[in-house]
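As the structure is a computational prediction, the values presented were derived from the model and not from experiment.
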Amino acid sequence: MAQPVVTFIVQSIGDLLIQEGLFLYGVEDKVLQLRTELRRMQSYLQDADRRQEENESLRNWISEIREAAYDSDDVIEAHALRGASRRNMMDGVLNLIKRYALIIHRLIEIHQVGSQVDDIIARISSLTVCLQTYGIKPEIGEAPNSVHGRQRALRRSYSHIIEEDIIGVEDDVKILQSCLLNPNKGYRVVAICGMGGLGKTTLAKKVYHSTNVRHHFEGLAWAYISQHCQARDVWEGILFKLISPSKELREELVNMRDEEIASMLYQVQVEKSCLVVLDDIWSADTWNKLSPAFPHGRSLSVMGSKILLTTRNIDVALQMDPSCYLHTPRCLNEDDSWELFQKKAFTKVDDPDFRTSTEMEKLGREMVGRCGGLPLAIIVLGGLLASKPTFYEWDTVRQNINAYLRRAKGQEQRLGVSEVLALSYYELPYQLKPCFLHLAHFPENLEIPTKKLIRIWVAEGIISLVQDEGEGEEALEDVAQRYLTELVERCMIQVVEKSSTGRIRTCQMHNLMRDLCVSKAYQENFLEVFNSWNVVETRGASRAMPTGKVRRLALYLDQDVDRFFPSHLKSHRHLRSLLCYHEKTARLSEWGLMKPVFNKCRLLRVLNLEGIQGQRGKLPKEIGYLIHLRFLSLRNTKVDELPPSIGNLKCLQTLDLLTGNSTVQIPNVIGNMHKLRHLYLPESCGDSTERWKLDSLKNLQTLVNFPSEKCGVRDLMKLTNLRKLVIDDPKFGDIFRSPNVTFSHLASLFFVCSEDISTVHVVVGCPNLYKLHIEGPIKNFPEHHQISSKLAKLKLQGSELLVDPMPTLEKLPNLRLLELELDSFMGKQLVCSSKGFPQLKSLLIYDLPNLEEWKLDKGAMPSLSKLEISNCTKLDKVPDGLRFITTLQDFEIRSMFAAFRTRLEKGGEDHYKVQHVPSMVFSYCDY
């Protein structure tokens, strides 16, 4: 992964030349020469990265290139750091002798830095010659004899080879058959998508050979799509299977041009119903090569021809047909996993007299659990243990399960689990590789918050600026969001939860994919993980340890944090990123223990101390040494005072001060952090009467807890890039009295109403809202046309509305989540009409003391999946229209009278309205 490392260091050096030019005085020419040499090296690295498995010398050269790039970053940033410190000294009162001494020292330093840069340039030039000698060429593409290409060849599928032991796919087969055979479905393309080893090809074969499919289609063809397939070869192979050509026709085909072959195959699929399986297609570019031979749109449906494909990349299927059916098989459940394992591990499992010992079964189930339901891993494990009959051998495998799964191959497999999963990594575009490797920071089974992840990616510099011609510069966060989405589409990470707007809120990695990620991150010297929960994970003999200087460190902490600060960190002078995680409460006896860390690790860009529970106190002033810091999170740390030196952190992009204390003493320096993009403040920023000015924070996108006691709300009018604002100040509405006040980028807003300000003015002034939370009495409720049509989430609290808001809200076309809370409506009746709330997924009705009746017409809320009613004690029954909402999955009733519950339970008079709901929960409904 030297290429992405060099790429983002070239970007970093460019940024330093622009932003820190003052501190690079005297070495600018050397730095420019270094950047030129690194750019030249970039052109060789894609070929080199992909061929490094071929030769140990090549791997060593690539490792040296990576270290040289990192060293160049170290030298330049350290020089800029010293320049910043020297400027601070020069700004002070120094006598003439000391000023001359500083100037002489600076000249010596310039010479030393120049020499260091010259040494790095010489190293890079020498390594470039080595690559040229080995035959590495400065061109994009993969050598045809690459190891990864040979691995893909080993995975070639043949339709006649059928896996005998297939478990847990019956429902999947029925779904896919329905999509292919039912004319009412109307799908042209059916795609089986998922991570490597999930059994996509096995499932496709099961469908392909099913009797129903064989009888339905007039022609069937199976084509394995290699990564570097020749379109003509694929077309001919499919054509031969669909028409069974005579010897004479075969000879004619040899002399046909490519376009003639494509046209013939196209016509065959138009004239009769055909099913073509394209197995293991990796990229949209591959499909673009093949597509001229395949009908599309109405042409394909004339005789009902279909395409069934398997892919690890959802985007491939969507490129083929945006309206295709995407089928994503799930990992096997515990019972199916155990059944599949037994078939592979025990040759006599079908013998009715066969029994396993309790001890062996316990070991087996524990190891199967480590496979995470991935069929390939279970098959490989079963094949491995089939030749190990003793309890001792099984226990040995259990103790080193990850290492065995990486190396072992099953009875039918030519590649191991790690090799199959690694193909997805090798095929990543270079800009996605560091994003994937960065996920190795996070502990196993952790739900990763994507907002935080994206901001750390941006802070680390692994997200590059994108300039679209004619469209202006794309925000770094938007680029990072695209990269995250692409990793999801490539089935390398899994979505756990989405927000009301459809944004990925949390994600997770399959434990075997994570194991690959950690292994690759170590091989690439991308990071080190120090794990006090389970040291074996990162220190075991099976794990490749990073070589060279450590620049990223993840600490998995137990309750005793003192032994890690500063002893494990004070020697990490080259550290760029420090992320801390903990299972339980991690306690630091005093914040003073962080002083040596701040003093030594001065090149840090990312510092995440979230959740470390130290004594209430002041953050050490040495935090001010971290002038390169871009991301700082002190969330839930109990820090209650920041030193004035925090103002030295001029590069900060994200500052999270939601420390768990309602008040944090913050000096008046925030307004000088001009690069801030995301600012989370405590409820109170201290008792100082000094006024803040935040109107200079032009890059600010997120502002949580606007400090109304420190600032004037009119400062907000100059923050034109705001996307999220949380403000507990009724004066916020005042700024909309001025003409033409518009927050055009604001997507999420929490504000408090005052009775003398019309909510209409605020809503109209924020025309692109996706999320809106209003607290306090609403004077005039807006009409639906005055509210952003993009609004997806609305929460009303204490609104004291007397007029039913439902006739207005039900007209919002994209509203997905609605919460009416705590006296938000004081009337007696809510009415929802037919076809209202077309996209609503979740409705929560809380604490409406006067609500007596809720009417819900048939056809209203056709997409509702979650409903919660709480403490609406005058409401005696649910509306009859609930019985028509077939999408409703979860219904929770809290703090309602027992009679309300009785009507809904089985045998109750209203049970027929909710009998179709899979999950109903009653809480505190017995009074």
Pair Ile727-Phe750, side-chain contact (heavy atoms from CB on, under 4.5 Å): steps then yes or no: CA-CA 6 Å; Ile727 177 169; Phe750 170 98; 5.9 Å; no
Met367 vs Leu381, side-chain contact (heavy atoms from CB on, under 4.5 Å): CA-CA, chis, key distance, verdict: CA-CA 8 Å; Met367 287 186 281; Leu381 179 65; 3.7 Å; yes
Tyr325 atom OH, neighbour heavy-atom count above 12 within 6.0 Å: yes
Heavy-atom side-chain contact between Leu453 and Phe442 under 4.5 Å: yes
Whether Asp172 side chain and Pro329 backbone form a donor-acceptor pair below 3.5 Å: no
Pair Leu830-Cys832, side-chain contact (heavy atoms from CB on, under 4.5 Å): steps then yes or no: CA-CA 7 Å; Leu830 291 174; Cys832 303; 5.5 Å; no
Other residues, nucleotides, ligands: >12 heavy atoms within 6.0 Å of Lys206 NZ: no
Smallest separation among heavy atoms of Tyr187 and Ser323, with atom names: CD2-O, 3.6 Å
Pair Arg365 + Glu361, salt bridge at N-O below 4.0 Å: yes
Residues Glu783, Thr808; criterion side chain to side chain donor-acceptor pair (under 3.5 Å); working and verdict: CA-CA 6 Å; Glu783 296 293 329; Thr808 295; 4.6 Å; no
Polar side-chain atom of Asn705 near backbone of Val726 as donor-acceptor pair, under 3.5 Å: no
No-hydrogen, no-angle side-chain donor-acceptor test under 3.5 Å, Glu610 and Tyr581: no
Rounded distance [0.5 Å steps], CZ in Phe825 versus CZ in Phe781: 11.5 Å
Polar side-chain atom of Lys913 near backbone of Val878 as donor-acceptor pair, under 3.5 Å: yes
Test item: Ser788 side-chain N/O and Leu769 main-chain N/O as donor-acceptor pair under 3.5 Å: yes
Counterpart residues, side chain to side chain contact (heavy atoms under 4.5 Å, CB included), relative to Val496 (two or more places apart): Glu447, Thr506, Gln508
Heavy-atom donor-acceptor pair, Lys793 side chain to Leu815 backbone, under 3.5 Å: no
Atom pair CD/NE2 of Gln494 and His510 - distance to nearest 0.5 Å: 6.5 Å
Distance-only polar pair, side chains of Thr201 and Asp279, donor-acceptor under 3.5 Å: yes
Shortest non-hydrogen contact from Pro807 toward Val831: CD-O, 4.2 Å
Ser210 versus Asn212, side-chain donor and acceptor atoms under 3.5 Å: no
Contact summary for Cys753 and Pro777, nearest pair of heavy atoms: CB-O, 3.1 Å
Phe751 vs Asp728 side-chain heavy atoms within contact, under 4.5 Å: no
Expected list for residues 914-921: side-chain donor-acceptor pairs under 3.5 angstrom, two or more places apart:
from: His916; atom 1: NE2; to: Leu882; atom 2: O; distance (Å): 3.4
from: His916; atom 1: NE2; to: Ile885; atom 2: O; distance (Å): 2.9

Donor-acceptor under 3.5 Å (Ser824 side chain, Glu821 main chain): yes
Atom pair CG/CD1 of Leu203 and Ile192 - distance to nearest 0.5 Å: 4.0 Å
salt_bridge(Lys174, Glu170) N-O dist < 4.0 Å: no
Between Arg505 and Ser499: side-chain donor-acceptor atoms closer than 3.5 Å: no
Exam field: side chain Gln829 to backbone Asp804, donor-acceptor pair closer than 3.5 Å: no
Atom pair CG/CZ of Leu275 and Arg214 - distance to nearest 0.5 Å: 9.0 Å
Side chain proximity check, Pro838 to Leu840, heavy atoms < 4.5 angstrom: no
More than 12 heavy atoms from other groups under 6.0 Å of CD on Glu334: no
Min side-chain heavy-atom separation Met195-Arg312 under 4.5 Å: no
Heavy-atom donor-acceptor pair, Thr328 side chain to Gly194 backbone, under 3.5 Å: no
Heavy-atom check, side chain of Leu809 versus side chain of His784, under 4.5 Å: no
Closest non-hydrogen atom pair between Ala860 and Ser833, with its separation: CB-O, 3.2 Å
CZ (Arg330) with more than 12 external heavy atoms under 6.0 Å: no
Gap between atom OG of Ser865 and atom CG of Leu888 - 0.5 Å precision: 7.5 Å
Atom of Ser842, atom of Leu864 and distance for their closest heavy-atom approach: N-CD1, 3.8 Å
Side-chain heavy-atom pair Leu904, Ile893 within 4.5 angstrom cut-off: yes
Check: Arg398 and Glu366 side chains under 4.5 Å, non-hydrogen atoms: yes
Salt bridge flag under 4.0 Å for residues Asp321 and Arg188: yes
Within-4.5 Å side-chain heavy-atom neighbours: Arg370 and Asn511: yes
Derivation and outcome, side-chain contact (heavy atoms from CB on, under 4.5 Å), residues Phe837 and Leu818: CA-CA 10 Å; Phe837 296 104; Leu818 174 61; 4.0 Å; yes
Closest heavy-atom pair and its distance - Leu181, Phe217: CD2-CE1, 3.8 Å
Arg490 and Glu486 ion-paired at < 4.0 Å: yes
Check: Asn333 side chain, Asp336 main-chain N or O, donor-acceptor pair, under 3.5 Å: yes
Tyr912-Asp880 side chain donor-acceptor pair, cut-off 3.5 Å: yes
Aromatic plane relationship, Trp394 with Phe346 - under 30° parallel, 30 to 60° tilted, over 60° perpendicular: parallel
Residues Lys344 and Glu339 bridged, charged N to O under 4.0 Å: no
Residue pair Arg503, Thr450: steps toward the side chain to side chain donor-acceptor pair (under 3.5 Å) verdict: CA-CA 9 Å; Arg503 183 188 61 81; Thr450 58; 3.1 Å; yes
Pairwise distance CG(Leu844) to CZ(Arg894) - rounded to 0.5 angstrom: 10.5 Å
